[in-house]
Trainee: 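Could you have a look at this structure, given as structure tokens, before my questions?
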Amino acid sequence: ANGTQPNGGMTMTSDGANLLDPGNQGTQTANINQNQVQEVSILTSAYGAEFAKGPVTFQAIGKSGGAQFHGGAYLYARNGVFDSNGSYNNSQGRLAPTNSFYYPGGDFGGPVIIPGTHFNKNHDKLFFYAAYEYMKQSPAGSLNSYFVPTAQMQAGNFTPAYLATLGPGLTSSGGRSLAGANPSATLYPGGQIPATALDPNSAILLKLMPAPNTNPATSSTGTNYQYFQGPPINRWEVRLRGDYNISDRTKLFFSWNRQDEADQSPVSIWWQIPGSLPYPSNQLATQVSNIYSANLVHVFSPTLTNEFIFADATFLNPIHLANASAVDPTKLGFKMTGLFTNPFLPQIPNTYGWSNSAIGFATYPYGAPWPAGGAAAFGKLSQTPNISDNVTKIVGSHTLKAGVYWDYARNNQTGGGLNDSTQGGAEFDPWGASSTGNPLADWVTGRMNNLAQQQNAAVADFKYYQYSFFVNDQW
């Protein structure tokens with residue numbers, strides 16, 4: 001809208017704190033809770049020079065306490081017990097887990113009274129506000145379908161007779177057609193792979209894959225393993241604010257907002273390669289946001305006012321493996337040598353493909369030197385402090401404004417990829433020169449189409465600053 005860029009064109013602020021994520025410029029580092037906000041304004045292309053961000057700014061001002069005590073409690077609840085199952089789930093004969101969302105919360109505010117003293121006896125000096133909300137979220141998730149190598153395949157049985165028992169969906173022109181292709185007759189006459197050709201390292205990774213739980217002969221997709229990917233997302237947040245009328249001419253407020261979320265990433269983090277199976281270890285993440293704001297307004301005279309604002313928003317998102325030993329090559333007996341020694345936490349190589357039948361494990365590397373996230377972590381740290389000072393002077397019919405603004409944005413984030421990472425990435429696709437013509441047969445024989453590995457993955461720590469000033473006259 002208004003000719004702005006797709007990312008970074010809108011800034012969200014909470015009590016003056018800049019919430020724009022400096023890492024991707026497309027989202028915010030904290031949420032704005034509708035129950036804890038007193039005022040919201042959206043500034044587009046036509047607003048004053050005192051606003052340093054833009055071209056679109058979403059501003060939220062939190063609630064504050066008043067001369068009287070006020071409070072409330074609430075519960076938002078949604079349960080999917082009466083939801084329909086969905087046509088795709090029905091076609092697969094799968095019943096989605098019941099989803100539920102419960103958001104209990106409340107707030108309370110009023111004057112600060114110190115018993116036994118006359119402080120704030122008129123309820124006009126010091127005020128407080130406190131709010132809390134918990135979000136218990138259990139989504140139903142989406143149904144993921146795969147064809148994992150069966151026990152017969154892991155033993156080398158790719159004979160046409162056996163493949164035919166797996167149903168027409170496997171070898172049809174549908175999405176899983178490549179999985180049912182017969183291995184090269186030149187390499188393995190009759191489709192039976194001898195035990196001497198089975199790769200021991202592949203066998204170790206294949207044992208980490210889930211067992212089939214669906215009959216491919218009756219599945220319209222020709223798959224033999226399905227699961228719902230929808231881990232719980234539970235979070236809580238607290239907001240505190242204090243307002244102090246130092247004098248009739250000087251007013252100060254301070255606010256703090258903390259948001260804490262627990263996430264699980266069963267497959268990968270942030271993004272995943274199609275065909276990626278649940279990783280052998282769950283990946284547990286915390287997202288913690290802390291937003292601090294201070295605002296001081298002083299009225300020198302009926303025509304001269306000054307406003308000073310300090311604010312800071314910090315977002316920390318460390319992710320750790322729940323069971324690092326489950327992917328440690330040494331403990332698994334996995335002995336394939338990569339191009340380089342992995343300098344970080346030991347992990348099995350990522351395995352993937354781009355064909356319709358691709359399967360494997362792929363996630364980002366853990367253990368880069370990143371003090372903010374702790375040992376053996378992956379993730380990011382964002383910081384966006386800012387300071388501004390504005391002076392307003394009325395002279396006759398003129399409203400003169402002048403001010404300065406400074407902010408600092410930091411994104412400290414670990415690196416690495418999925419198909420090219422420090423633990424290595426092995427591609428299994430049927431178009432490689434050494435392929436059997438069947439990617440699952442390539443899997444059990446260790447016939448990779450491509451192997452890529454990063455020698456190191458840099459931890460990015462970029463910082464940038466903004467210095468702005470303005471002088472404005474309106475009449």
Side-chain angles (χ1 to χ4, degrees), residues 27 31 34 74-105 133-150 166-170 172 174-177 179-180 208-236 260-287 319 321-323 326 352-353 355-363 418 440:
T27 185
N31 295 318
Q34 62 183 13
Y74 57 86
L75 170 66
Y76 296 105
R78 191 181 89 191
N79 191 291
V81 64
F82 296 114
D83 289 357
S84 63
N85 191 41
S87 59
Y88 179 71
N89 294 340
N90 288 333
S91 72
Q92 300 301 302
R94 308 287 291 187
L95 181 63
T98 300
N99 65 85
S100 62
F101 301 85
Y102 300 105
Y103 303 156
E133 181 172 300
Y134 183 78
M135 303 180 185
K136 183 174 177 58
Q137 304 173 113
S138 301
S142 57
L143 183 62
N144 291 3
S145 301
Y146 311 82
F147 192 97
V148 295
T150 64
L166 301 177
L170 187 68
S172 70
R176 313 305 296 185
S177 58
L208 300 177
M209 293 185 179
N213 62 3
T214 300
N215 185 356
T218 58
S219 170
S220 62
T221 59
T223 56
N224 66 354
Y225 175 70
Q226 295 178 323
Y227 94 106
F228 284 92
Q229 183 178 347
I233 306 172
N234 299 324
R235 63 188 306 273
W236 59 267
D260 200 314
E261 178 175 302
D263 294 326
Q264 300 179 33
S265 300
V267 176
S268 184
I269 309 161
W270 301 341
W271 184 76
Q272 65 187 55
I273 295 179
S276 293
L277 291 160
Y279 203 61
S281 169
N282 200 358
Q283 300 162 87
L284 306 179
T286 57
Q287 297 187 37
I319 306 146
L321 292 173
N323 182 11
Y352 67 97
S355 68
N356 291 328
S357 59
I359 57 167
F361 304 111
T363 193
L418 294 178
L440 299 184

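Nothing here was measured: the structure is a model prediction, and the numbers come from that model.
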Trainee: What's the separation between atom CD in Gln92 and atom CG in Leu143, rounded to the nearest 0.5 Å?
Mentor: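 With rounding to 0.5 Å, CD (Gln92) is 6.5 Å from CG (Leu143).
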
Trainee: About how many Å separate CG of Leu418 and CH2 of Trp270, when rounded to the nearest 0.5 Å?
Mentor: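 It is 11.0 Å, given to the nearest 0.5 Å.
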
Trainee: Does Pro149 reach the side chain of Ile359, with side-chain heavy atoms less than 4.5 Å apart?
Mentor: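 A side-chain contact under 4.5 Å exists here.
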
Trainee: Distance-only, no hydrogens or angles: does the Ser219 side chain make a donor-acceptor pair with backbone N or O of Pro216 under 3.5 Å?
Mentor: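 Judged by distance alone, no pair lies under 3.5 Å.
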
Trainee: Kindly give the heavy-atom pair with the smallest separation between Ala96 and Ala140, and that separation in Å.
Mentor: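 Result for this residue pair: CB-CB, 4.4 Å.
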
Trainee: Step by step, work out the side chain to side chain contact (heavy atoms under 4.5 Å, CB included) result for Leu277 and Tyr225.
Mentor: CA-CA 10 Å; Leu277 291 160; Tyr225 175 70; 4.2 Å; yes

Trainee: As an exercise, state the distance from CZ of Arg94 to OG1 of Thr214, rounded to the nearest 0.5 Å.
Mentor: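 Nearest 0.5 Å value for the CZ-OG1 distance: 4.5 Å.
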
Trainee: How close do Gly80 and Thr98 get, heavy atom to heavy atom, and via which atoms?
Mentor: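 Reported closest heavy-atom pair: C-CG2, 3.9 Å.
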
Trainee: Check step by step if side chain to side chain contact (heavy atoms under 4.5 Å, CB included) holds for Phe147 and Leu440.
Mentor: CA-CA 9 Å; Phe147 192 97; Leu440 299 184; 3.4 Å; yes

Trainee: Hey, mind stepping through Arg78 and Asn99 against side chain to side chain contact (heavy atoms under 4.5 Å, CB included) and telling me if it holds?
Mentor: CA-CA 8 Å; Arg78 191 181 89 191; Asn99 65 85; 4.1 Å; yes

Trainee: For the side chain of Asn323 and the backbone of Asn282, is there at least one donor-acceptor N/O pair under 3.5 Å apart?
Mentor: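 Not a single qualifying donor-acceptor pair exists.
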
Trainee: Any luck finding a side-chain donor-acceptor pair between Gln229 and Ser142 under 3.5 Å?
Mentor: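 No, no side-chain donor-acceptor contact under 3.5 Å.
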
Trainee: Minimum heavy-atom separation for Ser145 and Tyr88, please, with both atom names.
Mentor: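 Ser145 and Tyr88 have their closest heavy atoms at OG-OH, 3.6 Å.
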
Trainee: Between Ser138 (side chain) and Pro232 (backbone), is there a donor-acceptor pair under 3.5 Å?
Mentor: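 No: the side chain of Ser138 does not pair with the backbone of Pro232.
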
Trainee: What pair of heavy atoms forms the shortest contact from Thr221 to Gln226, and how long is it?
Mentor: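 Between these two residues, the closest heavy atoms are OG1-NE2, 4.3 Å.
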
Trainee: So how far is it from Tyr103 OH to Gln137 CD, rounded to the nearest 0.5 Å?
Mentor: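 Between atom OH of Tyr103 and atom CD of Gln137 there are 3.5 Å.
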
Trainee: Keeping the roles fixed (side chain from Asn224, backbone from Val148), state whether a donor-acceptor pair exists under 3.5 Å.
Mentor: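 Yes: the side chain of Asn224 pairs with the backbone of Val148.
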
Trainee: CE of Met135 to OH of Tyr76: how many Å apart, nearest 0.5 Å?
Mentor: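 Nearest 0.5 Å value for the CE-OH distance: 10.0 Å.
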
Trainee: Quick check: closest heavy atoms across Tyr102 and Ala77, and the distance to 0.1 Å?
Mentor: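 Closest approach of Tyr102 to Ala77, heavy atoms only: CD2-CB, 3.6 Å.
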
Trainee: Please list all pairs passing the salt bridge (Lys or Arg N to Asp or Glu O under 4.0 Å) test where one or both residues lie in residues 260-281, with sequence neighbours left out.
Mentor: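 Listed by first then second residue: Arg235-Glu261, Arg258-Asp260.
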
Trainee: Indicate the ring-plane relationship of Tyr146 and Tyr227, choosing parallel, tilted or perpendicular according to the 30° and 60° boundaries.
Mentor: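 Tyr146 and Tyr227: parallel rings.
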
Trainee: Going by atom types alone, do Thr363 and Gln283 pair a side-chain donor with an acceptor below 3.5 Å?
Mentor: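 Checked: Thr363/Gln283 side chains pair up, N/O donor to acceptor below 3.5 Å.
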
Trainee: Could you grab the distance from atom CG of Asn144 to atom OG of Ser276, nearest 0.5 Å is fine?
Mentor: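 Going from CG on Asn144 over to OG on Ser276, the span is 10.0 Å.
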
Trainee: Going through the checks in order, is the side chain to side chain contact (heavy atoms under 4.5 Å, CB included) test met by Tyr279 and Ile269?
Mentor: CA-CA 11 Å; Tyr279 203 61; Ile269 309 161; over 6 Å; no

Trainee: How close do Pro266 and Pro231 get, counting heavy atoms only, and between which atoms?
Mentor: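 Looks like CD-CG, 3.9 Å.
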
Trainee: Quick one: list whatever passes side chain to side chain donor-acceptor pair (under 3.5 Å) with Asn213, sequence neighbours left out.
Mentor: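 With sequence neighbours excluded, Asn213 shows a side chain to side chain donor-acceptor pair (under 3.5 Å) to no residue whatsoever.
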
